[in-house]
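What follows is one structure encoded as structure tokens, with my remarks underneath.
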Amino acid sequence: VDRYIGGPEHAVLHLLYSRFFTKFLYDQGHIGFEEPFTKLVNQGMILGTDGNKMSKSKGNVIDPDDYVTKYGSDAVRVYLMFMGPYSEGGPWDPKRFEGAYRFISRAWELVTTGYSQKTDDTIKASELESRIHKTIKKVGEDAHSIRFNTAISALMELVNFMIPLKTEGSINKDEWNTAVATLVLLVAPFMPFVAEEMWESLGNTQSVHSQAWPKYDPNLVKDDVITIIVQINGKLKDQFIISTEESHYKDVLERTAKETLGDKLDHSAILKTVVVPAKLVNFVTK
């Protein structure tokens, strides 16, 4: 088994017996490994609101069914994963539970309500694309390492980043639809039932849980690089990646922009070049 997940109280039962049988089979020459588990992960314990172990005698037992009935199972799932490091657990806090529920509600509203494009802000679109790819990388790595709380935190940040963009309608509709679909794929492991409904609301007929995990572009997740937009007469034509340090030199940006455009740009027709450091290069032509 690659990974065994269980409470430390199982050490004298499951772990002891499984190690005994594994070592016996190894000594008899039936298997080629001595340990049954490559990695052991102990989950933390959920305590009562008073910080003590839940017990009927103490009267501090929390019935999760009450919260499932009121808020849904996904809200309980998200709260339990977000409350702290998986290996530590902690006391049940109804106030923090509300935060998990609000996150799900905000994500639902973001995805399921219509989007109206009002402008086409290429700079903000580039920022959104970079944020999406960074979140794919962060959530994927954190989920694999059982750092569910930080994965959910990254998803919360992404939702908060996208909400004002939707209000502004500043992103090209196709790019917005791609971003929203990726968001649903990323939240699916943490809120499976809500994600399924959101995925269907986007017009998909197959389950979100049968989709491939999204891949990120390494060039868009580096903190030491930045995406520069290249325009001709204010219209997006291309973009390029450059180091953050070089992104503040206008001559470097102009030269790289011309190289990026290649035959798309008639150099003899350039009337003016507008360079905004760390953001864009715009060629005004005849």
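What you see is a predicted model, and the numbers here were worked out from it, not measured in a lab.
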With a sphere of 6.0 Å drawn around NZ of Lys23, does it hold more than 12 non-hydrogen atoms of other residues, nucleotides or ligands?
yes
Closer than 4.0 angstrom, basic N to acidic O: yes or no for Glu254 and Lys250?
no
Under 6.0 Å between ring centres: does that hold for Tyr71 and Phe97?
yes
Is the CD atom of Gln239 crowded by more than 12 outside heavy atoms at less than 6.0 Å?
yes
Can any side-chain N or O of Tyr79 pair as donor or acceptor with the backbone N or O of Asp93 at less than 3.5 Å?
yes
Decide yes or no for Gln231 and Leu280: does some side-chain heavy atom of the first lie under 4.5 Å from some side-chain heavy atom of the second?
yes
So does Phe161 have more than 12 non-hydrogen atoms from other groups sitting under 6.0 Å from CZ?
yes
Determine whether Asp238 and Thr260 satisfy the following criterion, side-chain hydrogen bond (donor to acceptor under 3.5 Å, both in side chains), listing intermediate values before the conclusion.
CA-CA 7 Å; Asp238 214 322; Thr260 301; over 6 Å; no
Around Tyr115, counting heavy atoms of other residues, nucleotides and ligands shown, do more than 12 lie under 6.0 Å from its OH?
yes
Taking atom CZ of Arg147 and atom CG of Asn149, what is their separation to the nearest 0.5 Å?
9.0 Å
Would you call the rings of Phe37 and Tyr4 parallel, tilted or perpendicular, taking 30° and 60° as the class edges?
tilted
With the 4.5 Å side-chain cut-off for hydrophobic clustering, are Tyr101 and Val78 part of the same group?
no
May I ask you to test the Ile232-Leu261 pair for a side-chain heavy-atom distance under 4.5 Å?
yes
Consider only side-chain heavy atoms of I, L, V, M, F, W and Y, link residues closer than 4.5 Å, and tell whether Leu47 and Ile62 are in one cluster.
no
Does a side-chain heavy-atom distance below 4.5 Å link Phe283 with Val230?
yes
OG of Ser116 to NZ of Lys166: how many Å apart, nearest 0.5 Å?
10.5 Å
Would you mind checking if Glu127 and Arg131 are paired as a salt bridge, meaning a charged N to carboxylate O distance below 4.0 Å?
no
